[in-house]
Every structure is written in structure tokens, then in C-alpha cells.
2 protein chains.
Amino acid sequence: MRTTLELGQELGYAKLSIEAIAARAGVGKHTVYRRWSSKGALLLDSLLSRGGSALDYPDTGDLRADLRRQIQEAVGLLAKGPLSPLFKALVGEAQHDPGIAAALNERFIAPQAAKTVARLEAARDRGQLAPDFDLDLAMAILSGPLYFRLLITQEPLTSDYVDRVLDALFAGMGPRP
Amino acid sequence: MRTTLELGQELGYAKLSIEAIAARAGVGKHTVYRRWSSKGALLLDSLLSRGGSALDYPDTGDLRADLRRQIQEAVGLLAKGPLSPLFKALVGEAQHDPGIAAALNERFIAPQAAKTVARLEAARDRGQLAPDFDLDLAMAILSGPLYFRLLITQEPLTSDYVDRVLDALFAGMGPRP
DNA sequence: AGACTAACGGCACGGCACGTGCCGTTCTTG
DNA sequence: CAAGAACGGCACGTGCCGTGCCGTTAGTCT
């Protein structure tokens, strides 16, 4: 997995081959195929083994600050760090490999989304949010524009942009009497 | 281009090969390579030749209804139609091919986004929106969650979901005295 | 301790699609 | 009507795929 990330950063996902990974790692191809059914599955595990756990939510009581901090951290890892191209390529791979799509969702997207929703829920329970607000939707409105920038328009994800999304979200989310 | 879409729907993008397209079309490979530099470029042109133009905005004066109608139409084409898997695969391809990413943006995403912004602008000029509202951001908040569902969580894009996103957007967008 | 077995690294193989030559033919253009 | 470009067809070398088959190593069980 270490070699996968190394070679992936050097060559890019498109030119990355299991053959080259095995050779560089000093390993037979069988040993790779025995554990991973495809290049995508290998990359998913490789990426999750790095920093997948680092994305935990703080709960300082200040919802907006907590959201901001966690998102900035995720953006730093997935959109700015050296692994960003590989993560994007993995999402790309998910578009034509249902197995990868399912695994990516199950092991990364869904847990991450659940954490966001849980944090929103905590805030709602404390009366910081309108009780009828759709938390899943709020999560999507928060994440959606960021992934949109990352994957579609490919513009840089500045922290200013994150703040603007947060502003917009809270403008429609605040406690309504 | 017709053969590309046909074969693409049959085999899926991953198994689609220029070799097979040329053979099915009764054409030499040179003839394909002369016009398109990659499978992705060919698919982009093929997709744009279909229904790319059908996504124009109505302007009935009712902003919400117009947005809703245009989005439902786009969703029908890109997320529900038979070309949906190919469109998703193209976005996937853009993740590791900067040329495709640029072309996709320039020829599809940006024009579409510009239309949305223009429609919002018209509404703002008529006083239907707060004058200080960030239209580009509004567009992203509208599109983002939809692409998020389409590409990331891969859940179905129901018209109910579209409506909920619209609701959320307008809750934070309405004219503020 | 020793025997058994599963996993291993290395190598070779057939298969496929890539991208690019070269052929002789057909179509377009001036 | 002549020149040249574009064409369909075919073949080639290349790279990686996924899978066999070796002989060796490492872990397990009694």
C-alpha cells in the first residue's frame, strides 16, 4: 500500500499499473491479486490507511467553528495535499466500477457524512438549530459545493470559499422562532 | 459518434475501446485518431452532440419554477436517461485527464452554470432576490448537492430531492428588507 | 522437533487494446 | 481531369492484464 501511494504520486493513477507496483514492492503479482481485485480497490485501501482516521469532529459547542475546522482539515487532506490527485482519481474510478463506488461510500463517504450529521444533531438538540431542519440536506449543501469545485470545475478550494458556503448554509439554518 | 454512444451503452465506458468503435462503425482506426486524441474526447463530443442544446432556461418570471424545470430536465438527461452512465464516466475520466477536465468545463459545465447565473441575475434585477446575494455561490449550492448525489453517494436523484434543495436555497436567499 | 501446508517471489504465457506504420482505393477540390 | 488528401484494411511492436507453474520460505499443528 505504501508503494501504491508512492508510485501513484509519481505516475498518476492512469499510468499506475499493478505490475509496476508489485515490481517496486519486490512482490509477486499473485500476492497483490490475492488481496485486491482491482487497482481501485488497492488504491482505496492505500488511501484509507493514511489519514482516514484524522478526520474526526471536534465538539467545542460552537457549531460553526467546529464545522469550519473539520472541513478545512478534510479539504487540506483531499483537495490540497499530495494525495489529492489520487483521491480524485478514485472517485473517478467509482464512476465506472460499482464495486469501488460501494466500497468508497461505505468506508469513507458515509462515515464522514454520519459524523457531520451527528454534529449537527447535537447542535439541534441544544436548540442551536431549528428543530425541523433537514440535517441530511444540510450535510449535502455543505459537502456538495465543495465536491463540485473539487471534481467538476476543478477550481482551487480556498478557505474563503469554505467560509462562504458556511455563511450561506447558516443564513438558511439559524433558529427560527 | 453515434456508434460510440451505442457501444458505450452496451459495454460501459471501461470496456469501451476505440478499436471496437472503429470496427463497428466500419471505419479505420486512423480516421478516429485523426479527429479525437483519446476515448474521453470522443465521448465528450458524442455526448454533446446529443441533447447538449436541450438544456436552455425558460424565463417565465417565476424564478423558482424556472429553476425547478430546468434542473429536472438536466437531471432527467444526465442522471436518469440511458446516457447517464456515460456522462458519469466522462466526469470520472476528467479526474485523471486534465485535457478532458478542461474541455468538459469549457463546453458543458461553464455554459450551463452561466445560464443559471444569468437567470438568477435577471431575478435579482427585478428585485426578487436580495441585491447582495452571491449568485455564483447560489449556483454552486444548487448544483453541488445534485452532483454529490450523482457522483459520490450514487443515490437516485428524485424530483423530491431537487425540490428540497430548492427549498433550502430559497430559505437563505429570499429578499431581505 | 519435525512434518505439513499455505503463502510467497519469480517467471512465462496468451490475450487484448493501444498507437502507428504502410498499402491500395476512393473522394474532394481546384 | 489531375493532384492530393482522406479513407478502409491490415499488420506490427508495446505494455499491461490476469493466470498458470515453478521451487522456496514461513507459519502451524501434533
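Quick caveat, the model's predicted, so the values are computed rather than measured. Lettering of chains follows the sequences in order, A, B, ..., and the numbering in each one begins at 1.
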Between protein and nucleotides 8-10 of chain C, what N or O pairs are separated by less than 3.5 Å?
residue: C/dC8; atom: OP1; partner: A/R35; partner atom: NH2; Å: 2.1
residue: C/dC8; atom: OP2; partner: A/R34; partner atom: NH1; Å: 2.1
residue: C/dC8; atom: OP2; partner: A/R35; partner atom: NH2; Å: 3.3
residue: C/dG9; atom: OP2; partner: A/G28; partner atom: N; Å: 3.3
residue: C/dG9; atom: OP2; partner: A/T31; partner atom: OG1; Å: 2.5

message: Taking the ring of A/Y13 and the ring of A/F87, is the distance between their centroids below 6.0 Å?
response: no
Round to the nearest Å and state the distance from [X] atom [atom1] to [N] atom [atom2].
X     : N      : atom1 : atom2 : result
B/E19 : C/dT20 : CD    : P     : 13 Å
B/Y33 : C/dG21 : OH    : C1'   : 14 Å
B/W36 : C/dC18 : CH2   : C1'   : 18 Å
B/L7  : C/dA17 : CG    : P     : 11 Å
A/L11 : D/dG15 : CG    : C1'   : 13 Å

message: Side chains of A/Q154 and A/K88 only: does a donor on one sit below 3.5 Å from an acceptor on the other?
response: yes
- prompt: Just checking, is any N or O donor in the side chain of B/S17 or B/E19 under 3.5 Å from an acceptor N or O on the other one?
  reply: no
- prompt: Does A/E6 come within less than 4.0 Å of A/R24, counting only side-chain N to carboxylate O?
  reply: yes
task: In plain terms, say whether B/R35 and B/D45 are close enough for a salt bridge, that is, a side-chain N and a carboxylate O under 4.0 Å apart.
output: no
message: Test side chain to side chain contact (heavy atoms under 4.5 Å, CB included) on A/R50 and A/R2; report intermediate values, then the result.
response: CA-CA 9 Å; A/R50 288 278 176 92; A/R2 202 185 319 125; 4.0 Å; yes
